[in-house]
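Structure first, then comments.
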Amino acid sequence: MSLGYVLTARQVKEYYLDRPDIREALLAWGRERRTLAGTEADIYGRRGTPLETARRLEEMIEASLQPSPSAVPRKYPAVHACISRIRRGAPTDTTHLPADFSRIGAADLVLDVDIKDNFREAFAQGRRILNLLEAHGTPHRVKFSGNTSPHFILPAEAFPRPLSGQKFRQVAQTVYEYLKRECDAPNLDPYLADPDHYLRMAYSLHENTGLVSVPIPLGAYDTFVLEKAEMPNVTVDEEWLKPMEAPSTAGMESLLTAAGVKRETSVWR
């Protein structure tokens, strides 16, 4: 983040609420996921509801700014979404659901190189992970965390069934251990193996930096600089937001096999 990069409460509201492109991008990603907004990154243990209307987004942002009467917030509102989808037919209010995931649909596998204070090292470890994903032909999206780290999102649609459902946790942990070892990526966050985990949404601000968790287009990883995540420089990538239409599972199967998830094991059944 550039020194002196500070946003006022008014600028935050204008970004989230007065830009139709940002508003629609958040709604597009949040409609089938439980969402939360706040100024603290540690929001786990809380349960959100799908982000279905612009009015709900407005309420979330306004509520997040209330504790700060100053024109310059101490921290910025960030919007987080669960990495798993709401299962079709499940109630939209999931506040009181049990923690057995029976009403949670398929989850994306997220790879987060969790280094809080070293952009170059985070992206260097991420490059090794990206090389491996590309070598296997594994479908993925990439975005910037808003602080220092890259996030790689392996969409649920690319998983062979039933690996995106109840066996997600076991599969994710196996993949993480493989990537840590194979890619020399010791900072890969293991907590995202939980299908109930939340992740800062693409086009959300980061709580501390005010930078945007901006998508990184294919081929642009090595030229990404923090200035691209400064709010005035952000434009919405419509292609990044589009759901993957039944991608081949071959690339994911190749990665899983390399990680040691063998077809003949019970996890595939």
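The first residue of the sequence shown is numbered 1, and numbering continues consecutively from there. Model, not experiment: these values are computed from the prediction.
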Query raised in the report: Is the NZ or CZ atom of Arg33 both under 6.0 Å from the centre of the six-membered ring of Trp29 and within 45° of that ring's axis?
Result: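 Because its charged atom sits under 6.0 Å from the ring centre and within 45° of the axis, Arg33 does stack over Trp29.
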
Taking the side chain from [X] and the backbone from [Y], do they hold a donor-acceptor pair closer than 3.5 Å?
X: Arg141; Y: Trp240; result: yes
X: Thr249; Y: Ala158; result: no
X: Gln11; Y: Thr8; result: yes
X: Tyr16; Y: Leu205; result: yes
X: Ser64; Y: Pro77; result: no
X: Asp189; Y: Tyr191; result: yes

Hey, are [X] and [Y] close enough for a salt bridge, meaning a charged N less than 4.0 Å from a carboxylate O?
X: Arg74; Y: Glu207; value: no
X: Lys13; Y: Glu62; value: yes
X: Glu238; Y: Lys242; value: no
X: Arg23; Y: Asp18; value: no
X: Asp108; Y: Arg85; value: yes
X: Arg181; Y: Glu177; value: no

With a 4.5 Å heavy-atom cut-off, do [X] and [Y] have their side chains touching?
X: Pro73; Y: Leu7; value: no
X: Glu52; Y: Leu27; value: no
X: Val142; Y: His151; value: no

Report task. Kindly indicate, with the supporting measurements, whether the criterion side chain to side chain donor-acceptor pair (under 3.5 Å) is fulfilled by Arg120 and Thr148. Result -> CA-CA 8 Å; Arg120 292 185 181 277; Thr148 60; over 6 Å; no

**Report entry** More than 12 heavy atoms from other groups under 6.0 Å of CZ on Arg128
**Finding:**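 More than 12 within 6.0 Å, yes.
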
Report task. Output, in order, the C-alpha distance, side-chain angles, deciding distance and verdict of side chain to side chain donor-acceptor pair (under 3.5 Å) for Gln125 and Asn187. Result -> CA-CA 8 Å; Gln125 289 188 32; Asn187 297 96; 2.8 Å; yes

